[in-house]
Amino acid sequence: MTADFIQLLVGGILLGGIYGLAAFGLSITFGVLNVLNLAHGEFLMLGSLMSYGLFIGLGINPFMAAILVIPVFMLLGVGFYLLLLKPIMDKPPHQLLVASILVTLGASLFIEDVTAFFWERPVTGISYSLPPMELAGVVISSTRLLILLFIFALACGMQIYLKKTYVGKSIRAIVQGREGAKIVGIPISRVSALAFSIGMALAASAGAFYVTLFTVTPTMGIPLTIKYLCVVVLGGLGSIVGSIFGGLILGVAETLTAYYCGAEWSPTIAFILLILILIIKPEGLFGAKK
Amino acid sequence: MKKRVLLICLVAAMFIGFPLAAMGAPDAIHIGATVSQTGHFSSEIGPFKRLMNAWADLVNEKGGIMVKEYGKKLPVKFTIYDDKSDQATVKKYYERLATVDRVNLMLGPYSSPLTFAASTAGENHQIPFIAICANSPKIYTRGFNWIVGTIDLGPRYTYRYWEMIRKEGKAKSVSFVVEDTIHPLSVYKGSKKLAEEAGLKVMTSDIVPAKTRDFTPIITKLKKENPDIIYVSSNIPFAINFMKQAKEMKLNPKEYHCIHHSGIFRDALGSAADDVIGQSYWVEGMKLGDTQLINDVLKKAKISEPMYPWSPAYVAAFQVLQKAIENAGTLDNKKVMDNLKKLKMETVLGEEVFAKTGYGSINTYPSQIQGGVYKVIYPPEVATGKHIYPRPAWK
């Protein structure tokens with residue numbers, strides 16, 4: 001019984017790590033830009049496909065691919081921001097939110113259709129795995145564990161970047177108050193472009209891991225975005241720690257629910273947690289009160 | 001004199017009459033279909049538009065299909081839409097095929113749910129509808145008169161596998177992991193009964209939502225149960241995710257059976273796919289009669305059978321379609337449908353004959369991935385390899 005529980009806990013934590021990394025990108029985009037990026041899952045999917053291409057074509061392992069996709073998707077992110085989001089950034093906050101939903105939803109459908117059209121193999125997965133470890137009757141997937149460690153390292157790196165660098169501090173300042181940040185001379189547009197590109201790169205990086213563990217299809221983006229939105233709300237907007245913990249909580253909750261209540265209840269738990277957190281602590285577990 | 005005039009009139013009538021009949025002939029035999037080029041099922045049949053057009057090209061290179069009524073061969077022309085693997089879309093396009101494109105005959109979409117939705121167009125507009133990869137009994141219990149299906153019913157989808165297990169007598173227990181969609185559920189229901197009849201103890205059956213990606217809870221449970229066979233009744237993406245995690249968590253039954261284990265499954269899993277059993281309609285080297293047409297169509301369409309194991313079933317459906325029109329000798333819907341229903345013919349996948357409710361007789365064979373190659377393992381008269389049981393455990 002205990003061994004089973006530990007096994008499930010470990011499985012949930014390993015799953016939650018992926019949720020956390022992908023959700024943080026979404027969180028930062030929403031926090032800094034007030035843009036609800038519904039194309040976030042598509043960037044994850046594109047990151048997965050790039051990682052797949054690197055693995056199949058050049059034999060590059062997914063951990064290396066997770067680093068290589070970052071600069072590529074940062075560039076793409078800047079382009080995406082300048083082309084589609086900058087023109088709507090001057091709108092009042094509530095209008096900006098609606099406009100951003102429409103723009104990113106359109107972009108999401110566009111990316112999905114174009115990918116489905118050009119990608120000959122509609123279900124993609126790579127056969128990369130490391131031998132599992134066994135500790136006191138609990139089998140731990142080495143691949144997932146390594147991914148989790150990588151995610152923690154990336155999260156720590158991001159945390160240091162946000163706390164110690166000027167750009168990082170600027171990003172946090174915008175999250176805390178856009179007008180105030182403008183008054184103290186932070187170049188809102190440039191920092192916003194950078195923040196968006198960081199969000200996109202993190203999604204793509206998560207995608208590199210995703211394709212290692214699961215199958216990837218061109219149509220998987222929007223359902224993933226919705227799941228990651230739950231994680232963001234759970235953890236708190238713009239918080240790395242919140243995203244990671246939100247992801248871990250959701251991962252563990254899903255795994256335990258599936259085992260004890262039945263697999264059909266597992267997808268529901270995300271929404272139950274979402275409703276609970278909105279009632280009890282609307283700013284999220286680690287979100288700052290505004 | 002009168003006789004001579006009569007003869008001249010007769011000859012003139014023959015010369016005038018023949019071109020008139022030919023002039024009345026349509027430009028082509030119009031076949032309507034949809035292919036899931038995008039969406040959930042695109043992994044199973046994404047490039048099948050090419051497959052259909054390749055067969056049409058092969059037929060047309062020989063002049064087309066003979067239609068006695070017009071005294072000549074007519075070329076085959078497909079009208080194909082992307083149904084996006086979606087029931088509403090498929091319904092819309094089959095209505096369009098019936099009312100706007102006015103096709104002579106319809107080939108069904110991929111899968112039971114899509115066929116269930118699409119086939120109402122055939123029934124409502126009285127157009128012959130040939131279902132292909134759709135075997136849910138629900139399709140054939142609605143009293144429809146304008147549908148036949150190429151393959152046998154879902155609950156019998158793996159009957160040859162269970163027959164083999166019973167005859168071998170080695171496996172004693174089985175656990176089922178089932179994707180909660182119409183085809184896997186239908187296959188599971190039949191398989192559970194067949195497994196019990198084969199003398200196996202059914203440990204548990206987990207019916208899991210289709211979009212499940214994390215199987216840690218189920219695998220944890222299965223490790224405790226320790227069945228001889230783990231039978232995964234699902235579509236390909238589900239099976240890949242399950243098997244990946246099964247290997248990560250060292251779940252080691254004596255046998256895995258994943259009903260769909262195409263080349264996409266094999267490539268995504270690598271060595272984890274080795275020794276997994278699934279179902280195939282045909283594999284290279286199988287002793288099933290004249291299967292040259294399969295090779296010709298696949299070669300022309302640039303489609304590989306292991307990647308798309310349903311492709312031979314489509315080729316069989318093309319043969320059925322052709323034979324029904326040739327037998328009817330007309331494109332009259334009613335006559336074509338009547339001929340379809342009473343058809344009995346040898347296809348590339350064996351004998352095809354339709355039950356009263358419309359489903360067909362073609363079924364799959366158990367095949368095992370051995371060193372990356374698909375081997376049909378039962379029955380011995382068509383087998384291309386031997387059953388490896390138990391599979392070597394993952395270490």
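Below, chain A is the first sequence line, B the second, and so on; all start at residue 1.
At a threshold of 4.5 Å between non-hydrogen side-chain atoms, the residues B/Met249 and A/Arg144 do not count as touching. Two residues are said to be in side-chain contact when any heavy atoms from C-beta on lie closer than 4.5 Å; A/Thr255 and B/Asp214 meet this criterion.
Closest heavy-atom contact between B/Arg213 and A/Phe214: O-CE2, 3.1 Å. Among all heavy-atom pairs drawn from B/Leu269 and A/Ser127, the shortest one is C-CB, 3.4 Å. The shortest non-hydrogen separation linking B/Lys247 to A/Pro132 is O-CG, 4.1 Å. Here the shortest heavy-atom pairing between B/Lys224 and A/Asp4 reads CD-OD2, 2.8 Å. Closest of all the heavy-atom pairs between A/Ala258 and B/Pro217 is CB-CG, 3.4 Å.
Chain B forms the most heavy-atom pairs under 4.5 Å with one residue out of A/Thr257, A/Leu213, A/Thr143, A/Leu130, and that residue is A/Leu213. In terms of heavy-atom pairs under 4.5 Å with chain A, the best-connected choice from B/Thr220, B/Asp82, B/Asp206, B/Val208 is B/Thr220.
Looking at B/Ile207, the atoms closer than 4.5 Å to chain A (heavy atoms on both sides) all sit in the backbone: N, CA, C or O. Residue contact with chain A, scored on non-hydrogen atoms closer than 4.5 Å, involves the side chain of B/Lys223 exclusively.
Of the possible polar contacts, one joining the B/Lys244 side chain to the A/Thr212 backbone as a donor-acceptor pair under 3.5 Å is found.
Distance NZ/B/Lys84 to OG1/A/Thr219: 11.5 Å, rounded to 0.5 Å. Atom CD1 of residue A/Ile13 and atom OG1 of residue B/Thr216 lie 11.5 Å apart, to the nearest 0.5 angstrom. Note that the CD atom of A/Gln7 and the NZ atom of B/Lys221 stand 14.5 Å from one another [nearest 0.5 Å].
In this structure, a donor-acceptor pair under 3.5 Å is present between the side chains of A/Thr215 and B/Asn241.
Residue-environment remark: NZ (B/Lys250) exceeds the threshold of 12 foreign heavy atoms within 6.0 Å. Atom OH of B/Tyr81 has more than 12 heavy atoms from other residues, nucleotides or ligands within 6.0 Å. Within 6.0 Å of the CE atom in B/Met203, the count of heavy atoms belonging to other residues, nucleotides or ligands exceeds 12.
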